[in-house]
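Below: the structure, in structure tokens.
Letters go in sequence order (proteins before strands), and every chain restarts at 1.
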Amino acid sequence: MTPNETPQACPAQEQPAGCPVPPASADPAACAPKTSRRDFLKAGGTLSLSSLMGAGALMAQSDDAHAAAEWAEHFQKNYRLMTDKEKDEARLRLEKRYSAEYGKKVTVDTTGPQPGVLMGYALNIRKCIGCRRCVHACVEENNQSRGKRPGEKIEWIQVLRMERGEFSKERMNQGYPEGLGIQVGGNAYTPAGQVLEGQYHYNPETVPEKDANYMPIACMQCEKPPCVKVCPVRTTYREGDGVVVIDYNWCIGCRMCMGACPYWARRFNVANPVLPKEEMNPVTHYLGNRPRMRGVVEKCHWCLQRSRHGRYPACVEVCPVGARKFGNLLDPNSEVSLVLARKNVFRLKAELNTFPKFFYFYD
Amino acid sequence: MKKLAIYTLAAALCGSALYAVSAVDKAAEQAKEAAAAPAEAAAKEPLVCFESRKGASEITQKEVKPGLPNVKCSPTTGAALWYGDPYEGTVPMGKMPQMANLPEGQAVVRPRTEKLNLVAMCATACHNGVVPPGFPKHKKPVPIPTMEGMLPEVKDFQHGRGAIWCLDCHHATKRDKLVDHYGDPSISFDQPQLLCGKCHGDKLRDWRDGIHGKRIGEFASTGKKRWFTCTECHNPHNVQDGERNRGFAQLQPEPAPQLPKGMKDARHEKLHPIPH
Ligand code: SF4
Ligand code: SF4
């Protein structure tokens, strides 16, 4: 189906009162909201000049914008199939809605992949001290829900603390079974981290701890992403610059992708997201950090709203030890390319053939 | 020992002026810390957060545009958590050997000399080129109580594991400068990489290429970046600080993620998950 053949989204029987002419475009926003708002303003102007009514008008108007946006969004196409014009309309609609909702000027960017850029990420696990600054920078940047009740707090980056195995002389002769019979195992049963067993909720006075390694994990932006393969509505897909994105509007919340992702990267908005007005980051991208709604899945997207304009992702900028490196894999002089050329690099769970563009390295 | 005592006395005398200065500095710093702690007080007092490690570069929160701060600080630890303006207060890094391919003005640093302005005074107040009587002739490290009083961390001086001491890095008479071992032109505190790289050449090479250390700004290899210099992340006096000996001082972590619904604590994580 080409974009032009999509069904007209404002069919006669569903047409809201006050949409006199069937719209030429598939976008009901062109008819429904404008007319009704104009009608309302007219009515407000003739009926009353009192301040009480004025306040009422303001409230009703923002409600109206909200309703209109929802109405329009209901008929919105999958972002991938939208024409530039439709993207623009969606952008304006969302900007208006978010600006009203958060009480400040919110921008929704629709910048596409930049030519000649394939984004890549590298993380030095020898350097990471497990301070979780990246986790919280991500929340500041990407408008995640940050409520107190269960399911209202969403973080995309997880920092896994892994015990260092200790192979001490004293314990050299111990092992399973302890004290009796033939010894079938030595103290190499001590976890040493290779199996990703570990702790996410560690909270010591200071990090790094003596006997721990830390491994931050978030979306790996796989080149062969299993999450994309399973999505029944094709709302999550790989963009041209390598980032796997989600069109939140088309997400039906089936959570297939969460089951498919081998890296525990995806989060589900079980509750209505809690995002205080003053903490909301008003610089957003349609496929990136714009506020989400309940019932959709979200995940790391390498700060599209920043990286599409050349800026480092937020986590890279706050890491106090400089463990995080980001760059263009197609540029041989970029930080990531140099890491790949010179350091010892591995991909997490490489045996799954997901081909992450997120690399772990060590000096 | 007697000689040393005399020297100490002399140093203490001229050091008293500095004591006053450092006391003022300390008070100011405490005030800053107090401001960083409670989030409510932030409305009045300017919010100052530390960037990489505690005690090095700091940044004061202000608005770049209405509603857009230059930096957001962590209410828990006081660390910088988010950069609205990555280039605030920066100056060009200056010419660096083997970094000539970087376009002019694309590499910037935040000068540290201002914060370390105590150092400029040292040269005029005490270390003015006059060698006090009783100054040891050898180059072996000796404890200097005056300096230890002002800078407690040198008591635990680890750098070089006893093989080097103050004057291997600090200029003997120009106290606001670092030593350049090739002749007199000395090194500014804003470019410590020129000195550190003399021993840690492998690290300098990686830093130059952007794969060691920290940069913020634009990610393209030709983009404008603020470069963090060696001493912004490492404390040169006790680089080996921290149990793990990773070259980075231990610090307080940000809060842990939310516990799974219905769980009181995260004890389950500590149990060995593999039965054997
Ligand atoms: S890490 Fe998970 S969410 Fe990210 S692209 Fe791969 S499969 Fe998809
Ligand atoms: S900010 Fe850096 S050091 Fe801290 S947990 Fe994240 S990656 Fe590790």
From [X] [atom1] over to [Y] [atom2], what is the distance, rounded to the nearest 0.5 angstrom?
X	Y	atom1	atom2	result
A:Glu317	B:Lys225	CD	NZ	11.0 Å
B:Asp209	A:Arg342	CG	CZ	4.5 Å
B:Lys214	A:Lys127	NZ	NZ	14.0 Å
A:Cys134	B:Glu254	SG	CD	9.5 Å
B:Leu251	A:Thr206	CG	OG1	8.0 Å
A:Ile129	B:Gln250	CD1	CD	9.0 Å

Indicate the atoms forming the closest heavy-atom contact of [X] with [Y], along with that distance.
X	Y	value
B:Ile211	A:Val339	CG2-CG2, 3.2 Å
B:Ser52	A:Pro320	OG-O, 2.6 Å
A:His201	B:Ala266	CB-CB, 3.4 Å
B:Ser221	A:Asp331	OG-OD2, 2.5 Å
A:Gly130	B:Pro253	O-CB, 4.1 Å

With a 4.5 Å limit on heavy-atom distance, are the side chains of [X] and [Y] in contact?
X	Y	answer
B:His212	A:Asn124	no
B:Gln252	A:Cys131	no
B:Ile216	A:Arg311	no

Between [options], the one whose heavy-atom pairs under 4.5 Å with chain B are most numerous:
options	value
A:Glu205, A:Lys105, A:Lys104	A:Glu205
A:Leu338, A:Val139, A:Val135	A:Leu338
A:Arg306, A:Gln158, A:His309	A:Arg306
A:Val321, A:Asn203, A:Val336	A:Val321

Part of [X] lying under 4.5 Å from any heavy atom of chain B:
X	value
A:Pro282	neither
A:Asn281	side chain
A:Ser307	both
A:Glu279	backbone

Which portion of [X] sits near chain A, non-hydrogen atoms under 4.5 angstrom:
X	answer
B:Lys224	neither
B:Arg215	both
B:Leu259	both
B:Glu51	backbone

> If you measure from the Lys or Arg side-chain nitrogens to the Asp or Glu carboxylate oxygens, is any gap between A:Glu140 and B:Lys72 under 4.0 Å?
Replying inline: yes
>> For B:Tyr83, give me all partners under ring-ring contact (aromatic ring centres under 6.0 Å, His included), at least two apart in sequence or on another chain.
In response: none
>> Checking B:Arg53 now: which residues fulfil salt bridge (Lys or Arg N to Asp or Glu O under 4.0 Å) with it, not counting sequence neighbours?
In response: none
> In terms of the angle between their ring planes, are A:Tyr312 and B:Phe219 parallel, tilted or perpendicular, with boundaries placed at 30° and 60°?
Replying inline: tilted
> Among B:Gly84, B:Gly213, B:Ala79, B:Gly217, who wins on heavy-atom pairs under 4.5 Å with chain A?
Replying inline: B:Gly217
> Quick check: does any side chain N or O of A:Arg133 sit under 3.5 Å from a backbone N or O of B:Ser74, one acting as donor and the other as acceptor?
Replying inline: no
> Any sub-3.5 Å donor-acceptor pair from B:Gln258's side-chain atoms to A:Arg149's backbone N or O?
Replying inline: yes
> Taking everything shown except B:Lys65 itself, do over 12 heavy atoms lie less than 6.0 Å from its NZ?
Replying inline: no
> Within a reach of under 6.0 Å around CD of A:Glu278, are more than 12 heavy atoms found that belong to other residues, nucleotides or ligands?
Replying inline: yes
>> For residues 192-204 of chain B, give me every residue with a non-hydrogen atom less than 4.5 Å from any non-hydrogen atom of chain A.
In response: none
>> Give me each pair satisfying side-chain hydrogen bond (donor to acceptor under 3.5 Å, both in side chains) with a member in residues 318-328 of chain A, each pair once, sequence neighbours excluded.
In response: A:Tyr121-A:Arg324
